[in-house]
Amino acid sequence: MSTLVWFRNDLRTTDNPALFYARQQGPVTACFVVSDMQWRAHDVGDVRLAFLGRSVNELAQQLALLGIPLQIINAAEFSDVPKAVLELAQRCGASALAYNAEYPVNEKQRDLAVERLLTSNHISCQVYHGGITLPPGSVMTKSDSPYSVFSPFKRRWLEVLQPDEIKPLAAPPAQSDPVPVKQLESLAGVELSLAADLWPAGEIVAREKLKKFFRNAVSNYAKDRDVPSVNGTSTLSPYLSVGSISSNQCLYAAQQYNKGALNSPATQSWVNEIIWREFYRHVIALYPHVNKNRAFRTAYDALRWRDAPHDLLAWQRGETGYPLVDAGMRQLNKTGWMHNRLRMVTAMFLTKHLLIDWRQGERYFMQKLVDGDFASNNGGWQWSASTGTDAAPYFRIFNPTTQGQRFDKTGVFTRAMIPALSQVPDRHLFEPHKSELQIDYPQPIVEHTFARQRAIDLFKAIGDNTSA
Ligand code: FAD
């Protein structure tokens with residue numbers, strides 16, 4: 001039996017169940033579908049598109065070594081995909097299509113349409129779960145409902161997980177001598193060289209990064225993960241988001257490090273983050289309203305956010321007058337990535353201090369992030385805006401000044417991102433308007449105590465006893 005393997009957010013040859021099992025059944029052809037208009041409509045930004053294109057090129061090279069050609073086809077919108085995939089499958093003489101599931105509603109609808117068309121043309125569809133360790137529906141409450149809070153989800157997730165399940169699959173055996181490789185030079189109009197020095201792509205790079213993280217940083221992760229000036233986290237998020245590496249490969253590295261156990265004091269905090277990633281995938285799969293621009297806690301759809309384009313622009317540019325917020329936004333604009341602590345601080349500043357709709361921030365992050373991922377981005381934004389699953393309570397509002405003093409004590413990170421502050425002494429670094437120096441840096445666009453109370457009053461009027 002010949003199978004067409006459709007690669008999407010699983011751009012790797014190792015631990016790829018769709019590829020592995022399809023190959024066990026016989027010869028395979030691989031494909032990747034370019035949906036440029038759909039991606040743009042979903043705010044996928046240039047840095048991410050360039051990274052995606054480079055990741056496809058790296059995949060093509062790895063597949064070519066296995067004798068598997070990668071066909072790249074165009075279907076500008078998701079509605080064009082079924083016909084394009086059918087035509088390719090027929091051209092290759094495939095009797096089956098195999099792919100790893102994606103969980104956002106639009107992707108699920110696209111896949112259903114593909115399945116209907118292909119099965120009506122006598123091509124069977126085989127769906128695997130290569131983007132997640134435990135698929136949506138497998139971690140449920142006793143009453144068979146999806147979880148809406150992380151901690152009980154995590155407990156159940158750890159109970160359901162069979163330790164043997166995470167052992168990664170090998171790459172499939174080669175089916176012929178290496179085949180020639182075609183390489184993309186651009187994707188959706190974006191040159192692939194964009195930010196290539198910052199974000200080299202592919203599964204070999206990703207596996208090397210994982211090894212390096214376990215060699216150098218995992219044992220200090222719990223301590224260092226909140227300090228943006230330290231390289232204390234794995235920076236694997238872009239690679240996980242395009243699937244150059246799998247969550248199983250990450251968890252297996254922890255298991256190997258602990259000589260058999262998944263968790264140990266050294267790896268626990270990091271494994272937790274991988275489970276957060278799983279949790280948000282379950283949320284978007286099992287609470288469809290979250291995919292439709294709605295708050296998880298639906299009562300908060302009634303919040304009256306401010307329409308404040310100048311404030312939004314100042315936040316986007318990193319010109320709010322709050323150094324840690326601005327340093328985070330400048331890191332995002334400059335590198336396509338932002339440290340997790342700063343994602344929380346900047347998101348909370350936009351939604352609480354400026355009272356700007358979290359969807360505006362979610363959108364801007366998607367346009368800029370190299371790791372832009374609908375489930376994690378939506379989850380992070382709704383957590384910060386207090387509209388999400390186990391969101392930060394609305395009255396617990398980060399003070400951006402003290403966050404700076406606490407998490408960038410030496411000011412190394414903030415000064416690196418905002419050179420205008422390089423001469424400001426430590427005691428005034430996070431309140432530079434209090435220093436007597438003449439510096440080219442804006443005054444705070446809003447006063448913290450006033451903004452905090454304004455947000456509390458607005459959220460209180462809605463009430464926090466709401467649920468999905
Ligand atoms: P590490 O600390 O090394 O963690 C390992 C992996 O666990 C990460 O690569 C990531 O896949 C996962 N992870 C870590 N923290 C979280 C989290 N809080 N939620 C879900 N998964 C997590 N992550 C994305 O991958 N894409 C996004 O678009 C995204 N948007 C976010 C928006 C906001 C407002 C917030 C608060 C968080 C967002 N996150 C997003 C989560 C998190 O900030 C990043 O995953 C993390 O900073 C990536 O750095 P790292 O790879 O070094 O993570």
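Owing to the predicted nature of the structure, the values given are computational and were not obtained by experimental measurement. As the structure lists them, so they are numbered: ligands from 1, and atoms in each ligand from 1. The residues of the chain are indexed from 1 along the displayed sequence.
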Below 4.0 Å from ligand 1: does a non-hydrogen atom of Arg225 turn up there or not? no

Which bit of Thr346 gets closer than 4.0 Å to ligand 1, counting heavy atoms only: side chain, backbone, both or neither? neither

Is Gly372 near ligand 1, meaning one of its heavy atoms is under 4.0 Å from it? yes

In chain order, what residues pass the side-chain hydrogen bond (donor to acceptor under 3.5 Å, both in side chains) check against Gln403, with sequence neighbours excluded? Arg341

Looking only at protein heavy atoms, what sits closest to atom 26 (N) of ligand 1 is Asp371 O, 2.9 Å

Going by side chain to side chain contact (heavy atoms under 4.5 Å, CB included), name the residues that satisfy it together with Ala266, two or more places apart in sequence or in a different chain. Tyr257, Ser264

Counting non-hydrogen protein atoms only, what is the nearest one to atom 19 (N) of ligand 1? Give residue, atom name and distance. Tyr280 CE1, 3.6 Å

At under 4.0 Å between heavy atoms, is it the side chain or the backbone of Trp383 that contacts ligand 1, or both, or neither? neither

Please confirm whether the backbone N or O of Asp373 pairs with a side-chain atom of Ser376, one donor and one acceptor, at under 3.5 Å? no

What protein heavy atom is closest to atom 29 (C) of ligand 1, reported as residue, atom name and distance in Å? Arg343 NH1, 3.2 Å

Applying a heavy-atom cut-off of 4.0 Å, say which part of Leu240 lies close to ligand 1: side chain, backbone, both or neither. side chain

Just need the protein heavy atom nearest to atom 49 (O) of ligand 1, so name the residue and atom and give the distance. Trp337 CZ2, 3.3 Å

Ligand 1 contact by Tyr239, heavy-atom criterion under 4.0 angstrom: no

